[in-house]
Structure formats: C-alpha cells, structure tokens
Participant: 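Dropping the structure in here first, questions after.
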Amino acid sequence: MEERVVRPGFHARVYDVVRKVPAGHVTTYGQVATVLGSPRVARHVGWALAACVAEDEVPWHRVINSRGRISFKGDTSRGEEQRRRLEDEGVAFDLKGRVDLKRYAWSFPGQSWPA
DNA sequence: TTGTTGACTCCCG
DNA sequence: CCGGGAGCCAACA
C-alpha cells in the first residue's frame, strides 16, 4: 500500500501520471517522481518516457525539466517535436525555448499515489 | 554480483 | 537566470 517502493511497473505509473496532465499544461520530471512517491527518481521518469512511444498514448511532450526547459541527451529532433506539440496545445515558449512553469505547471489531484 | 549510464534535480558561483 | 559539479536510484550489460 504505502510502500512507495518503485516496483517493476514503474513505467506504467509514470505513464498514468503523465496521462493526467491535460493539454495546455505541463509538468516536470521531479513533479511526476514526487507523485510517484520518490522525487529522486526524476531521471527514471525521463527514462520511462524514453521507452514510451505513441502506442502508449502518453503525452510525454508535456513533461519538461524543473527549469522549464526541454532536456535531451543529444537527439534534439524529439525536442523540437515536443515544442511543436506544446505550442499547438497553447503553451507559449520563451525565445530561449523555455516554458513558463509559473503559468503552465499542472498540479495533480491529491499529489499522491494511487490517485 | 559489480559497474556504467541517464529525456533529472539541487547546490554553488 | 545560466553553467558546472555532485548526488540520486533503477535498469542494463
């Protein structure tokens, strides 16, 4: 129950949390990790999203880093796609490619798991 | 089993 | 705010 231990189904939890983010809003890896019960696993949230694809129906593009920026390890092609999707949903970007978290950050219902 | 890696975050300057 | 360094934990070889 309140184990909050990261189980092998970690990805599934990440996906569910990300799916709760409505269009026009964004969240951070740390936020998702916190909802999962472990703010330290922010890196694994990104890793889980990396494994996720369109078939998973996960709005991975709504997840950015704590600085309101799009972080990638080198393949910016997905970063540009992420930015395009967010702009299409009404999320404005800074000239430096940053999002105003103050305005678009989404709060999860209960901020805990399970929801 | 250990060691390396990483779509991160925090601290410092 | 930005950049660099250290820490974090699970997955992978």
Side-chain angles (χ1 to χ4, degrees):
Chain A
M1 305 212 280
E2 281 69 300
E3 306 286 341
R4 284 191 189 99
V5 57
V6 183
R7 311 277 305 174
F10 179 76
H11 330 82
R13 301 190 182 207
V14 174
Y15 297 161
D16 274 347
V17 173
V18 176
R19 285 196 197 102
K20 296 179 192 305
V21 181
H25 287 271
V26 297
T27 188
T28 66
Y29 300 97
Q31 179 62 64
V32 175
T34 300
V35 174
L36 292 177
S38 301
R40 316 298 201 198
V41 301
R43 305 188 86 162
H44 305 78
V45 174
W47 172 81
L49 292 177
C52 122
V53 283
E55 298 93 74
D56 296 304
E57 301 179 354
V58 179
W60 57 270
H61 54 271
R62 291 181 195 147
V63 186
I64 55 183
N65 65 15
S66 61
R67 283 186 178 174
R69 261 206 180 198
I70 300 175
S71 298
F72 280 90
K73 58 189 273 194
D75 191 351
T76 52
S77 55
R78 276 181 198 143
E80 297 197 22
E81 180 182 329
Q82 176 171 18
R83 174 174 172 171
R84 185 189 64 78
R85 282 175 175 259
L86 289 176
E87 288 182 316
D88 185 56
E89 293 181 351
V91 178
F93 273 77
D94 184 284
L95 293 177
K96 299 183 180 74
R98 290 182 316 191
V99 179
D100 185 355
L101 289 176
K102 301 283 203 329
R103 172 174 173 164
Y104 298 106
W106 174 251
S107 299
F108 292 93
Q111 297 256 322
S112 59
W113 191 269

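Small disclaimer: the values here were computed from a predicted structure and weren't measured. Sequence lines set the chain letters: A, B, ... in the order given, protein chains first and strands last, and positions in each chain run from 1.
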Participant: Find the distance A:Phe72:CZ to B:dT5:P and express it as a whole number of Å.
Facilitator: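 After rounding, the gap between these two atoms is 21 Å.
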
Participant: Can you check the A:Trp60 CH2 to B:dA7 P distance for me, whole Å?
Facilitator: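 Rounded to whole Å, this separation is 13 Å.
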
Participant: Excluding sequence neighbours, so at least two apart, what forms side chain to side chain contact (heavy atoms under 4.5 Å, CB included) with A:Arg69?
Facilitator: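 So A:Arg69 forms a side chain to side chain contact (heavy atoms under 4.5 Å, CB included) with A:Asn65, A:Lys96, A:Arg98.
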
Participant: Run the salt-bridge test on A:Arg85 and A:Glu89 with the 4.0 Å N-O cut-off and return the result as yes or no.
Facilitator: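 The answer is no: the pair does not qualify as a salt bridge.
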
Participant: When you compare the side chain of A:Tyr104 with that of A:Ile64, does any pair of heavy atoms fall below 4.5 Å?
Facilitator: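 A:Ile64 vs A:Tyr104: side chains apart.
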
Participant: Assess whether side chain to side chain contact (heavy atoms under 4.5 Å, CB included) is satisfied between A:Asp94 and A:Asp100, documenting all intermediate values.
Facilitator: CA-CA 8 Å; A:Asp94 184 284; A:Asp100 185 355; over 6 Å; no

Participant: Counting only side-chain N and O atoms of A:Ser66, is one of them less than 4.0 Å from OP1 or OP2 of B:dC8?
Facilitator: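 False: A:Ser66 side-chain N/O out of range (4.0 Å or more) of B:dC8 OP1/OP2.
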
Participant: Return the value, rounded to whole Å, for the distance between atom CG of A:Asn65 and atom P of C:dG3.
Facilitator: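 Distance, rounded to whole Å: 12 Å.
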
Participant: What do you reckon, is CZ of A:Arg40 surrounded by more than 12 foreign heavy atoms closer than 6.0 Å?
Facilitator: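 Check fails, neighbour count at 12 or below.
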
Participant: Rounded to whole Å, how long is the line connecting atom NE2 of A:His11 with atom P of B:dG6?
Facilitator: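 One finds 16 Å between P of B:dG6 and NE2 of A:His11, rounded.
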
Participant: Round to a whole Å and report the spacing from OH of A:Tyr29 to C1' of C:dC9.
Facilitator: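 These atoms are roughly 17 Å apart.
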
Participant: From CG of A:Leu95 over to P of C:dC1, roughly how many Å is that when rounded to an integer?
Facilitator: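 Roughly 15 Å, once rounded to whole Å.
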
Participant: Reading DNA chain C from 5' onward, which residue's closest nucleotide shows up sooner: A:Arg43 or A:Trp47?
Facilitator: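 The 5'-side residue here is A:Arg43.
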
Participant: For DNA chain B, find the residues of residues 83-94 of chain A with a heavy-atom distance under 4.0 Å and give them by number; none if there aren't any.
Facilitator: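 Listed by number, there are none.
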
Participant: Find which nucleotide of DNA chain B each of A:Arg67 and A:His61 is nearest to by heavy atoms, and output the residue with the more 5' nucleotide.
Facilitator: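 In this pair, the answer is A:His61.
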
Participant: Under 30°, 30 to 60°, or over 60°: which ring-plane class applies to A:Trp60 and A:Phe72, parallel, tilted or perpendicular?
Facilitator: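 Ring orientation of A:Trp60 relative to A:Phe72: perpendicular.
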
Participant: Using modelled atom types and a 3.5 Å cut-off, is there a donor and acceptor pairing between side-chain atoms of A:Tyr15 and backbone atoms of A:Ala48?
Facilitator: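 Yes; at least one donor-acceptor contact below 3.5 Å.
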
Participant: Atom CG of A:Leu49 and atom C1' of C:dA11: how far apart are they, to the nearest Å?
Facilitator: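 Between C1' of C:dA11 and CG of A:Leu49: 15 Å.
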
Participant: In whole angstroms, how far is the C1' atom of B:dT9 from the CD1 atom of A:Ile70?
Facilitator: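 After rounding, the reported distance stands at 18 Å.
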
